[in-house]
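A short worksheet on the structure shown next.
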Amino acid sequence: EMWERDFWTAFLDAMARHRYNVLSLWSLHPFPSLVKVPEFPEVALDDVWRTRAKLDDTFSFAGSDMVRPEMLADHEVVKRMTIDEKIEFWRWVMRQAADRGIQVYFFTWNVFTWGAEGKHGITNDLGNEATKQYFRASVRELVKTYPLLAGMGITAGEGMPHNMDSKVKEAWLWDTYGEGVRDALKDEPQREFRMIHRFHWTAQGDILDAFKDYPGPFE
């Protein structure tokens with residue numbers, strides 16, 4: 001349903017009718033179906049899949065097993081579309097939202113690399129330089145590809161070790177999301193792009209310190 005225009009027309013009409021003005025879309029790792037990243041060309045995904053494997057309630061709340069081998073082994077293609085068609089589709093969704101006075105945000109967890117892991121040396125290891133470069137470039141392309149995107153939500157949460165110093169977590173988020181947004185806004189410094197940092201498994205002071213140089217609104 002998420003990839004059908006009729007669904008979004010009806011959904012956004014209902015939001016407007018009930019005076020909702022923010023749509024937040026949540027994904028552990030949305031970039032492969034949203035952007036093309038020149039430095040990492042193998043990551044972008046064509047088509048829409050769903051698994052035929054039976055789902056249950058044993059998935060980890062930490063998000064570590066959300067894509068299991070048996071899910072990929074037994075799947076079907078529910079919609080044929082290129083990454084360019086996906087980009088055009090989400091631009092259309094954001095235009096429909098804007099026409100109704102609704103702002104769109106993407107929220108992610110960190111660090112998950114479903115769909116990208118194993119390509120171009122990308123892993124879910126925070127210390128992997130290829131992973132950091134991939135996230136920074138993906139955030140840059142997300143901001144540039146979608147002029148109507150209002151902002152992003154981030155967290156130093158499920159995809160990071162529980163016992164890791166929050167200063168280290170926040171440094172990683174700045175080096176990827178913070179710098180990625182700043183890279184994108186170099187070409188349009190007047191654009192307002194809001195970052196919403198979920199207060200989850202980290203310290204407020206470390207968040208504020210890491211993002212003190214962020215160029216736009218920050219919450």
Side-chain angles (χ1 to χ4, degrees), residues 1-37 43-51 55 59 61-63 66-67 71 78-79 81-116 134-159 173 176-178 180-181 184-185 191-200 216-219:
E1 293 297 325
M2 188 184 70
W3 296 94
E4 296 298 330
R5 296 189 183 220
D6 288 346
F7 164 80
W8 284 109
T9 300
F11 187 87
L12 294 167
D13 281 348
M15 286 187 66
R17 189 158 46 247
H18 293 284
R19 304 295 194 272
Y20 287 101
N21 62 3
V22 170
L23 171 65
S24 60
L25 303 172
W26 297 60
S27 171
L28 293 180
H29 183 232
F31 304 111
S33 284
L34 289 173
V35 292
K36 295 188 295 185
V37 185
V43 172
L45 297 176
D46 292 331
D47 301 331
V48 179
W49 292 9
R50 69 179 170 195
T51 187
L55 302 181
F59 290 89
F61 287 123
M66 297 300 283
V67 180
M71 295 167 65
V78 296
K79 195 174 186 65
M81 58 194 311
T82 66
I83 184 61
D84 289 311
E85 290 172 327
K86 288 182 177 182
I87 289 171
E88 191 278 329
F89 176 84
W90 287 114
R91 284 175 172 165
W92 176 86
V93 170
M94 291 182 198
R95 168 51 62 192
Q96 296 300 308
D99 288 347
R100 293 161 175 77
I102 298 169
Q103 292 185 325
V104 178
Y105 291 78
F106 281 108
F107 277 70
T108 71
W109 288 258
N110 304 282
V111 178
F112 294 99
T113 56
W114 306 119
Y134 163 69
F135 270 87
R136 178 173 177 171
S138 295
V139 172
R140 179 199 70 214
E141 291 304 313
L142 186 72
V143 178
K144 294 174 67 174
T145 300
Y146 299 101
L148 294 177
L149 183 64
M152 294 192 72
I154 57 176
T155 180
E158 286 85 350
L173 286 171
T176 53
Y177 287 84
V181 171
L185 295 186
R191 178 177 174 183
E192 181 177 292
F193 193 86
R194 188 175 299 275
M195 293 293 286
I196 301 175
H197 197 310
R198 295 173 62 213
F199 196 82
H200 185 46
F218 177 72
E219 297 179 350

Query raised in the report: Do you know which two heavy atoms are closest between A44 and I83, and how far apart they sit?
Result: CB-CG1, 3.8 Å
Query raised in the report: Looking only at heavy atoms, what is the nearest atom pair of L12 and A97, with distance?
Result: CD1-N, 3.8 Å
Query raised in the report: Should K36 and D84 count as side-chain neighbours, where that means a heavy-atom distance under 4.5 Å?
Result: yes
Query - Interatomic spacing from CG in L45 to CE in M81 - rounded to 0.5 Å - result: 12.0 Å
Query raised in the report: Who passes ring pair (Phe, Tyr, Trp, His ring centres under 6.0 Å) against F7, sequence neighbours left out?
Result: F11
Query raised in the report: Is the backbone of V35 close enough, under 3.5 Å, to the side chain of K86 for a donor and an acceptor to pair up by distance?
Result: no
**Report entry** Test item: N21 side-chain N/O and I102 main-chain N/O as donor-acceptor pair under 3.5 Å
**Finding:** no
Query - Parallel, tilted or perpendicular: ring planes of F135 versus H29, cut at 30 and 60 degrees - result: tilted
Query raised in the report: Does some side-chain heavy atom of F106 sit less than 4.5 Å from a side-chain heavy atom of F31?
Result: no
Query raised in the report: What are the two closest non-hydrogen atoms of V22 and M15, and how far apart are they?
Result: O-CE, 3.3 Å
Report summary line: Taken to the nearest 0.5 Å, the spacing of M94 CE from L25 CG works out to 7.5 Å
Query raised in the report: Is the backbone N or O of T82 less than 3.5 Å from a side-chain atom of E85, with the two atoms forming a donor-acceptor pair by type?
Result: yes
**Report entry** Any donor-acceptor pair under 3.5 Å from Y134 side chain to V43 backbone
**Finding:** no
Query raised in the report: Hey, does M66 have a side-chain heavy atom less than 4.5 Å from the side chain of F112?
Result: no
Query raised in the report: Do R191 side-chain atoms and V143 backbone N/O form a donor-acceptor pair below 3.5 Å?
Result: yes
Report summary line: With sequence neighbours left out, the residues meeting ring pair (Phe, Tyr, Trp, His ring centres under 6.0 Å) with Y177 are none
Report task. Can you sort out the partners of W109 under side chain to side chain donor-acceptor pair (under 3.5 Å), two or more places apart, ordered by chain and number? Result -> E158
Query - Ring centroid separation W90 to W3 under 6.0 Å - result: yes
Query raised in the report: Does W49 CH2 have over 12 foreign heavy atoms under 6.0 Å away?
Result: no
Query raised in the report: What pairs with T155 under side chain to side chain donor-acceptor pair (under 3.5 Å), at least two apart in sequence or on another chain?
Result: none
Query raised in the report: Counting distance only, does the side-chain N/O of T176 pair as donor-acceptor with the main-chain N or O of L173 below 3.5 Å?
Result: yes
Query raised in the report: How many angstroms lie between atom CE of M152 and atom OH of Y105, to the nearest 0.5 angstrom?
Result: 12.0 Å
Report summary line: The side chain to side chain donor-acceptor pair (under 3.5 Å) partners of R95 (sequence neighbours excluded) come to D99
Report task. Please indicate whether F59 has more than 12 foreign heavy atoms, meaning atoms of other residues, nucleotides or ligands, lying under 6.0 Å from its CZ. Result -> yes
Report summary line: Heavy atoms of V181 and M195 approach each other most closely as CG2-SD, 4.0 Å
**Report entry** Shortest non-hydrogen separation from R140 to V37 and the atoms involved
**Finding:** NH2-CG1, 4.5 Å
Query raised in the report: Less than 4.5 Å apart, any side-chain heavy atom of M2 and any of V48?
Result: no
Query raised in the report: Do E1 and R50 sit within salt-bridge range, that is, some charged N less than 4.0 Å from a carboxylate O?
Result: no
Report task. Just jot down the side chain to side chain donor-acceptor pair (under 3.5 Å) partners of R100, sequence neighbours excluded, or say none. Result -> D13, Q96
Query raised in the report: Quick one: CD on E4 to OG1 on T9, what's the gap to the nearest 0.5 Å?
Result: 11.0 Å
Requested in this report: Looking only at non-hydrogen atoms, find the nearest pair between V139 and G180 and report the distance.
Outcome: CG1-C, 3.9 Å
Query raised in the report: Side chains of L142 and L34: does their closest heavy-atom pair fall under 4.5 Å?
Result: yes
